[in-house]
Amino acid sequence: MTLFRRGARRASLRAGRRGLSIRFDSPAIGRMVDVEIDGRKLWSTPVPEAAGRAAHVSWPTVLHTHLHGTGTIVLRDQRNGLALAEGRYSWPAKPGAVGLAELVAAGQVIDKWGKLTDAPSDALHRRLMLSMREVLDDLVGLGYTAAITGGTLLGAIREGRILAHDDDIDLLVYLGEAAPPDVSIASYELERVIRARGHEVLRHSDAHLQVMFDDETSPSPTSSAVHVDLFLGFHDRGVYNQPIAVRGAFAPASLLPLGEVTLEGVSVPSVADGDAWLELCYGTGWRTPDPSFRFRTPSSTRRRFENWFGVYDLNRDFWERHTTLGRSRHWHGDVERLLAATKPGDRVIDLGCGDGELAEMLARAGREVIAVDYTRAALARASAREGLVVQRLNLADRRAVLEFIADELAVGGSRHVLLSNVLHTLTREARANTFLLLRALLDGGSVALASFSVNASFVYDHDRPDTWHLPLKWLREEASAFGIECAVEAHQVRGTAAGPRMVATTRLYSTKVAASVAREEAR
């Protein structure tokens, strides 16, 4: 513990596994601080008032798996840059682990959504401007009504530049008067035509797409790609809707015809009344910078948009980081079991392949392997391995699952499926789509092998899907609704990124196929 004297006040800071404890010897006024690790800012947070007792600042969820190594911590007042408290952190180092020191050395910060990303910089903002211009030109060339929106519009109107902490560009694609189902249909058309222009597109919902731009000049194992968010806006029975968070009174005349504002010295399209839009989004105080501001979507708005347009990209950032940092645990016994039940030349789909190690083992044993995942990091790692066909599939997106099914059926023949360390990490909706896929693709010659954690983790964290679990009772109930049965082949304790877990290894069968086989055998 280190004491830091500031005038007549002393502040002590202690770093523990749960967070930072700060104790003042006299009442301290709550304020926003920057948390510096080894001299570099990692995140900003409000410090609550403390009156002769310790104020507690929890570690951001995204840092829970990075609490390794030794170094210094400084809490610095955002208003004047003064250090309020200093201390040290010290935890055992783990071989190959990325600790706090490695994160800040790689230029990582925690953004407004609680995700690790590249620290904003002039170079990053130049990349953002180039990416924005490319996407805007494509949208206008395709006949869409497009303008800057969100934090990008806020920065343009309030400061004439990208906000210092921003690491993306927000664009509005306005559809006019439209019903929610028509918006969903329009989003898939938009995705198709943007992809046709050579862009990589990730789907967050039926009203939110993300266009990705990699930086090939400075690859980093912890860096993230620049992206441009496309939000589909529309009027529905007099109400303006712009997922993911904006809903309310905003007349078409306030939106069209588009005007222009200046961003980083460049004229860019904007809604007609940018001030009114910013008030609708951020409230009446949007003109005054507020370091403590946290965007909170009203629950009614969130439920409305999620029910209309779905949520398809949940937890992807976690799995991107999980794979990039080498936290994947490979259960080789699953491969051995599947190899024993199949023969060379058989087609195997590895659903949730991660970095592709298990898929590569199958390919080396002569199987024709389709390695499937939905994270960019996993697909990049798997693509670097030999003998694999790599394909992106988001199991939360039923439309994408149906397209995958159609493509597989067009190939013909039997195929086998591996779900190693996957099912318990999916939401119930994504598991339903998985069972739909299995029902469509499994035949009498298929083997579908799944292994998953059935007991709760000692370090359960809702924001860490690797700590989730799936009891066999839940699996049987959910799978049976899709005509899928399961037979348990083994129980064993296995090491996972969330500690030792009880893992069930099961065979999954189509009820219809199983009944047909039984009838044939009875003859």
Side-chain angles (χ1 to χ4, degrees), residues 15 20 32-45 57 59-76 78 81 83 86-89 91 93-132 151-152 155 159 161-170 200 202 210-229 264 291 316-327 375-378 380-381 463:
L20 307 176
M32 283 295 295
V33 300
D34 292 332
V35 182
E36 295 181 355
I37 303 295
D38 298 335
R40 301 185 184 186
K41 174 184 171 182
L42 184 55
W43 88 97
S44 299
T45 183
V57 175
W59 293 109
T61 299
V62 73
L63 294 183
H64 287 175
T65 57
H66 298 286
L67 301 181
H68 309 296
T70 301
T72 62
I73 302 178
V74 175
L75 303 187
R76 196 173 297 281
Q78 278 196 346
E86 295 179 345
R88 293 187 64 79
Y89 64 90
W91 299 287
K94 292 184 178 180
V98 176
L100 299 181
E102 287 78 16
L103 286 179
V104 296
Q108 294 289 281
V109 295
I110 299 174
D111 68 11
K112 58 189 174 183
W113 305 111
K115 301 182 299 184
L116 281 169
T117 186
D118 292 338
S121 63
D122 290 342
L124 176 65
H125 289 171
R126 285 193 293 271
R127 289 177 59 205
L128 287 172
M129 289 295 294
L130 291 172
S131 302
M132 176 195 69
T152 307
E159 304 177 18
R161 60 185 178 85
I162 297 175
L163 295 174
H165 61 269
D166 256 3
D167 59 359
D168 63 0
I169 291 290
D170 300 324
E200 178 186 359
L202 301 182
Q210 197 171 76
V211 185
M212 309 299 296
F213 291 86
D214 284 313
D215 182 10
E216 302 296 341
T217 63
S218 57
S220 165
T222 53
S223 65
S224 53
V226 162
H227 62 269
V228 176
D229 283 313
E264 303 286 352
R316 183 176 60 83
D317 288 304
F318 171 86
W319 291 116
E320 297 279 10
R321 189 173 66 256
H322 188 89
T323 304
T324 298
L325 299 179
R327 299 191 182 280
T375 70
R376 304 176 81 245
R381 294 286 183 91
D463 294 318

What heavy-atom pair brings [X] and [Y] nearest, and what distance separates the two atoms?
{"X": "R127", "Y": "F213", "value": "NH2-O, 3.5 Å"}
{"X": "D38", "Y": "A101", "value": "OD2-CB, 3.3 Å"}
{"X": "V228", "Y": "S131", "value": "CG2-CB, 3.9 Å"}
{"X": "H68", "Y": "V98", "value": "CD2-O, 4.2 Å"}

Within the structure provided, determine whether [X] and [Y] are in side-chain contact (heavy-atom separation under 4.5 Å).
{"X": "L202", "Y": "R316", "value": "yes"}
{"X": "V62", "Y": "R321", "value": "yes"}
{"X": "V226", "Y": "D167", "value": "no"}
{"X": "Y89", "Y": "L100", "value": "yes"}
{"X": "I73", "Y": "V35", "value": "yes"}

Is there a donor-acceptor contact under 3.5 Å from the side chain of [X] to the main chain of [Y]?
{"X": "T72", "Y": "R88", "answer": "no"}
{"X": "R381", "Y": "T324", "answer": "yes"}
{"X": "R40", "Y": "V104", "answer": "yes"}
{"X": "E320", "Y": "R376", "answer": "yes"}

Atom pair [atom1]/[atom2] of [X] and [Y] - distance to nearest 0.5 Å:
{"X": "R126", "Y": "S121", "atom1": "CZ", "atom2": "OG", "answer": "7.5 Å"}
{"X": "T45", "Y": "L75", "atom1": "OG1", "atom2": "CG", "answer": "9.0 Å"}
{"X": "E102", "Y": "I37", "atom1": "CD", "atom2": "CD1", "answer": "12.0 Å"}
{"X": "H66", "Y": "L116", "atom1": "NE2", "atom2": "CG", "answer": "5.5 Å"}
{"X": "D317", "Y": "D463", "atom1": "CG", "atom2": "CG", "answer": "11.5 Å"}
{"X": "R161", "Y": "E264", "atom1": "CZ", "atom2": "CD", "answer": "7.5 Å"}

Just do the side-chain contact (heavy atoms from CB on, under 4.5 Å) check on I169 and I162 with the steps written out, would you? CA-CA 9 Å; I169 291 290; I162 297 175; 4.2 Å; yes

Any salt bridge linking D34 with K41? Criterion: basic side-chain nitrogen under 4.0 Å from a carboxylate oxygen.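 A salt bridge is present here (some side-chain N lies under 4.0 Å from a carboxylate O).
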
So, using side-chain contact (heavy atoms from CB on, under 4.5 Å) as the criterion, who are the partners of H227 when residues are at least two apart?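 side-chain contact (heavy atoms from CB on, under 4.5 Å) check on H227 returns D168, Q210, M212, D229.
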
Give me the ring orientation class for W91 and W59: parallel if the planes are under 30° apart, tilted from 30 to 60°, perpendicular past 60°.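 If you compare the ring of W91 with that of W59, the planes turn out perpendicular.
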
